Each structure stands twice: as structure tokens, then as C-alpha cells.
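Down below is the structure, laid out as C-alpha cells.
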Number of protein chains: 2
Amino acid sequence: MSRKRSASPTLGDVAELAGVSLATASKALNARGEVAAGTRRRVLKAAEELGFQHNALARGLTSGTTRMVGLITDELGGRFAIPILLGVENALGDEQMSVLLCDARGDAIRRRHYISTLVARQVDALIILGDRNDVRPSLSADIPVPVAYVYAESDSPDDLSILADDEGGARLAAEHLVSLGRRRIGHITGEETYRAARDRAAGMAAVLEEHGLSPAGGGALYGAWSQRWGHQAAGVLLSAEPGLDAVFCGSDQIATGVVEGLRDLGRRVPDDVAVVGYDNWEVFAAECRPPLTTVDLNLQHLGATAVRHLFGALNGEQASGVVRQPGRLVIRESTGPAARPH
Amino acid sequence: MSRKRSASPTLGDVAELAGVSLATASKALNARGEVAAGTRRRVLKAAEELGFQHNALARGLTSGTTRMVGLITDELGGRFAIPILLGVENALGDEQMSVLLCDARGDAIRRRHYISTLVARQVDALIILGDRNDVRPSLSADIPVPVAYVYAESDSPDDLSILADDEGGARLAAEHLVSLGRRRIGHITGEETYRAARDRAAGMAAVLEEHGLSPAGGGALYGAWSQRWGHQAAGVLLSAEPGLDAVFCGSDQIATGVVEGLRDLGRRVPDDVAVVGYDNWEVFAAECRPPLTTVDLNLQHLGATAVRHLFGALNGEQASGVVRQPGRLVIRESTGPAARPH
DNA sequence: CTGAAAGCGCTTACAG
DNA sequence: CTGAAAGCGCTTACAG
């Protein structure tokens, strides 16, 4: 398999075979219009015959655009990077663009290094993906191409940040529970150091207040982003609030633990207690017994939105500020109509 | 943020500032040795001052190497692509190389298209990632650079395939259970259409036979790669084999369902029944109650191995055939010492 | 040790 | 409509 890179046919070869000049061959292949139909046909045929492919390097050098976008992630292994990356890749594919991927592994030095590597590679634009939704220092200073910050927010108002609406997502969940007639609603979530956790708690608290309700257990229970914590916290919440009739969870993993914990304590889901998750992570949400009603942040769409804005910027449109993209509620059985009317 | 790509300094600018020729500047920066120390210093200083970065396009055009590797995945969203990708990215980063990522989404046309795009972009090598470990038709015919097939096997012996040793991984699990004194060992796994499922079942069956044991329930129970199936199959297996004392599962997801199913039927894990998973997918394996003993296929290492072989090929080493990389057993509480001696 | 020149493979004014 | 020429930013023999 270690064939040497065989001399691939060049535009010169095509021109020769077609009996035209380099310039004409180039114009014909690029459909620049100013070529006779017959000539064009001959060139196309020659290219076809030789299996000609433009050398992207040479093309980039002359045209000034590489049709490559650099994507820097913080933590590819994390849960958020992949769906966003997928959305980016999809959107770029539609435009015949490619993504050059770098994983900074949460290291600032490495991030700077990758940025300059990508710039040296002449990417047309850059996407900087965060693994949590906190605000972070802008990195745009030395970047001569458009940049989009996705998921994590840049602290500079001159930058473009594309964010998921965590507070709004939480509101959807809470409104849903309230509309189902639930009144004693608790919130079990992950680490308080995450803005995601705080935003979701805030969204939920706001809805409860609007409806004149107070949070079951006195407020959000912060802990870890794990099933184990959910399982444990379910017990804690239940002793604090025996009349508990709903729990909104900060993640589907937590929700899975909560559902098990409630079951172990003899509560039926959703009959006694309705449960809502967050993330719509299929392997948890769909496989939970019962399957979870949850909030889908539409991360894939987040990536696509970033690409769209970047294209805008490349076309000279102004691109800065914060775009906050709404999530949606996915309703499954864990909030099925309550058995007990209120 | 939508600054135009400002005229980045070129090598010419550096040469001018340093008062030397283009050629000398190039040699100085590339440490080609044949430059006076003082000159070299001046050039370096000038480069530093201007914030000079080589234009990778121009460099690639003249040097014939881009230091980019194309990576084509089948299904980025799948469970296997990410760890492997991470391993590749890591290994490449050490060599100052970048990865150009394309997701073919399991579409053959799209795969072909991406291959030619990547070749046109002059990648130095290509990695083709499969999302299941089946054998697939070689794609190397039109690829003028070294190619490594990872996770899925190419059907051509001239190609290089880097695979996980699924049968060996299953043997580790089965040997572990037998060594613990378990004798009535069942196997619950995913879809039989997956070679992964068949290989693992075969590895387990071989070990049982070597020890003169026959499989609990009469043989592998094939189903789906889900907790739900695990939960259900646990019941099936238990009625077929009431004396069941161990289950080897085809995935951690399945194992999670099995553990729950056994608990629902009044069996204690590991006291009554030991359970082994597969994948070492942390969010399941570590969060299961009890945490799962499982097989880690070392996927990240698979990616690194592919990169190493590819570098070998770039240096003219012969690179073809199948490399099968062993997994390892991760022991957790789900196989803790049996309470009942046998 | 240094530099002028050719060349990598393309595109794009500019003449004809 | 067609083509000769310059140029993109670099590297690398080759002379000096």
C-alpha cells in the first residue's frame, strides 16, 4: 500500500491533451464563461480522461482561499463537542469545505499553538468550541480570519458567540411540569461551578416564581453530573419533601439515577413523580425506564449556525455579538399524565 | 471580528528586515545549517519581530508534504470513532501534523468523494475509520498516499488494517469469570449481524470449551446493543438457567441492563451472579451499581498505532497486513469475589 | 556562507 | 475566444 505519490496529472497535462494553453484549460475547468463551448468540452474530456483533480495547495496559493475551516475543541472526549462538530462538518460539506481539527485538551498554551498552526495553514475561518458554557477570554486578537466561539462565550463583545439557551431550555422543562399540574417540583443538577448548572437552575426558579410556587426541598440540589448523584439526591429530596411530585434534572445521566432512586424508594415514575432530564442523550434518555422527557439543546444545529455566520463574515457581513439558540422539549413517558389529579 | 486577512508578513519581509536574501532567510529559518550563526540570529530576530509564520500552502507546494493526514469516519456519532480519533489527533500532534476530518455517514458515494477531496488537498496519508469491525472492500485503488484502515478491516491483503482484538477481549472476560470459580456462565450480546458480536461470542465459547464448560442457556443470546435488551435477556437467561452464576455481556450498556434485570429478579451482583461488560465506556461502566468489570479495547491506542504505521510507510517501510491490538480487562466490583464458594 | 534563479501547480489580468 | 506572462510564497540545487 505504500505506493509513492505517483505523479498526479497537472493542469498542464490536461491542457496538453486537450491541445490548449494552461490559461484556457484553467478557465474551462472553472467555468469562467469566456471559453468556446467546443474547447470547454475538449478540456473537460481530457481532465476526465486523466482523472485530473486541482491541486488544492496551488489553488489556495493563487486564489487566496483554502476552503478549510479550523476547528479547535477543548475536550473532544466530552459530551458536547461531537454533536457540534457533526453539525459543523455537515454544514461545511454542503459548501465543499473541509474541517481541520485540533483538540486543545483544555490547555491554553496548546490552544494558542493550534491557532497559529491553523492560521499558518491559511484556514478561511476558525471555530473555537468550548466544553462548558462559561465565559472565556477572547482569543481573536491575533487571528486574521473570522472566528466563531461556540457553546462557550467569548468575553469580548466584538466577537461572535453562538450559544445554547440553557435558561430557556430549563424554562421549557419547568413550564411543562407546571402545565401537567405538578406543584412540588425539585431540581437535582450537577456541579455549581458550571454556568450550565446555574443557568438551568435560574430558568427553573423563574418559572416556579411566576407561578407562585416554591422549589421542593428549598432550592436546587447541586452535586455531580452522574447517575450516582442522581440516585443519592433522589433520597435526599424525598426526605426533605415527601409530597414531591416532580423533579427536573440537570442532565439525562442524573435523571437516570433519579428515576432509579425514586423506584428504590417505592415511588412510581411518572405516576407519583414526574421526571425531566436534560441533553436528550439517546443512550440514556431513550433507554431509561420509563424513557425520559428531556430538553434537547440542538447542538448539531449550533454548529450549523456557526458555519452560516462565518460565511456571512467571509462575505463581509458584520458578525459579532451573542446568538442564543433555543432548545426544545422532547416529551417521553417519564412525564406521562399524572395518575393522581391535583 | 470580521477583519480582512491582513497582509501577513512573508518570508520576503523577513529577509528584507534582516538584510539578507530570500534563500538565506529560508535556510536560516529551516535550520539547514549552511548559514552563519550571526546571520541566522538576525533572521530569527526579524521573523520574531514580524510574527512571521510560514505559509503552509507555499511550503507544501515546494516541499511536497503538507503534514496533514486525512481522516474519514463512517459515523462520527458512533461510539468508536471518537476515542480512535482522539488517539490519532494526539499522535499526530506530537509530530506537528494536523488532521483533516470528513464524516462519510456510512455513505459509499460520500466516502469516495471525500477521498478524492482529501487527495486533492495533498494529505500525506489517509486513515479510514470503520464504525463496526466487519471486513469491507478496499478503497486504496485510487489513493496515491499510504492508507490505514482502522477498526474495520480492508478485504485486500495489500492494505494495512489496524484492528481491535475482539475475540481476545472476550477470552479475557471469560477466563476471568472461570478463574473466579463461576461455572454457569451465560452470554448476552448485541446484533448477530455485527462481527463484533460474533467474535466476542466465539472467544467466550472457546474459553468455556477449553475448561469443559457449556454455555448457560445453551449459547449466546443475541439481541440489541441496549440496556433494554440486557434487562429483558437477563430474565430469559435466568429462566433457562436458574443456577446461573455469571453473565458476560457484549457491551457495557447491555451489562447495565442485565445488572438491573438481575436485581429486579432478586439476584445479587456479584454475590449470586457476576457480570462482565465490554467497552469500558465510563458513563456506564463506572456508574453502574455495582461498577462493571469490563473489557477495554484501548481504542485511543488504536489510533496512535495507525499513525505510527503510517509514518513508517511514509519513510518507505512496507506497511500492509493486519495488526490486531489486544484489549485489557478492567476489574471492578461487578465480579467481586463470589460469596458462595463452588 | 550567500544569493540569483528556477520551479512547485495553479489563476488572473492583459494583449491579441 | 485564446494564450503568454506575471505572480501566489516558498524551497532547493547551483554558482560564486
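Note on naming: letters A, B, ... go to the chains in the order of the sequence lines (proteins, then strands), and numbering restarts at 1 for each one. Just so we're clear, the structure is a prediction, and the values are computed from it rather than from any experiment.
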Just call it for B:Ala23: base, sugar-phosphate, or nothing, with non-hydrogen atoms closer than 4.0 Å on any strand.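 Here B:Ala23 touches the bases of the nucleic acid.
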Give me each pair satisfying ring pair (Phe, Tyr, Trp, His ring centres under 6.0 Å) with a member in residues 44-71 of chain A, each pair once, sequence neighbours excluded. A:Phe52-A:His54
Expected rows: protein N/O vs nucleotides 14-16 of chain C N/O, under 3.5 Å:
none

Kindly write out the residues that satisfy salt bridge (Lys or Arg N to Asp or Glu O under 4.0 Å) with [X], not counting sequence neighbours, or none if the list is empty.
X	result
B:Asp131	none
A:Asp296	A:Arg328
B:Glu49	B:Lys45
B:Arg132	B:Asp134

Kindly state each residue pair satisfying side-chain hydrogen bond (donor to acceptor under 3.5 Å, both in side chains) with at least one member in residues 69-86 of chain A, sequence neighbours excluded.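 Residue pairs passing side-chain hydrogen bond (donor to acceptor under 3.5 Å, both in side chains), neighbours aside: A:Thr73-A:Asp103, A:Asp74-A:Arg111, A:Asp74-A:Arg136, A:Arg79-A:Asp279.
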The criterion is side-chain contact (heavy atoms from CB on, under 4.5 Å); which residues satisfy it with B:Ser98, sequence neighbours excluded?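 With sequence neighbours excluded, B:Ser98 shows a side-chain contact (heavy atoms from CB on, under 4.5 Å) to A:Leu100, A:Thr117, A:Arg121, given in chain and number order.
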Set of residues satisfying side-chain contact (heavy atoms from CB on, under 4.5 Å) with respect to B:Val135, sequence neighbours excluded: B:Glu153, B:Asp155, B:Arg195
Ignoring hydrogens and angles, tell me if any N or O in the side chain of A:Asn315 forms a donor-acceptor pair with the backbone of A:Glu317 under 3.5 Å.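 Not confirmed, A:Asn315 side chain does not pair with A:Glu317 backbone.
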Base-pairing string, 5' to 3', of DNA chain D - Watson-Crick or wobble, under 3.5 Å, | interstrand: |||.||||||||.|||
For a quick test of reading the model: is some side-chain N or O of B:Thr39 closer than 4.0 Å to OP1 or OP2 of C:dT2? yes
Within the structure, does a side-chain N or O atom of A:Thr24 lie under 4.0 Å from either OP1 or OP2 of D:dG3? yes
For B:His301, enumerate each residue passing the ring-ring contact (aromatic ring centres under 6.0 Å, His included) test, keeping only those at least two apart in sequence or located in another chain.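 By the ring-ring contact (aromatic ring centres under 6.0 Å, His included) rule, B:His301 matches no residue at all.
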Nucleotide N/O of nucleotides 8-10 of chain D paired with protein N/O under 3.5 Å:
residue, atom, partner, partner atom, Å
D:dC10, OP1, B:Asn55, N, 3.1
D:dC10, OP2, B:Leu11, N, 2.3

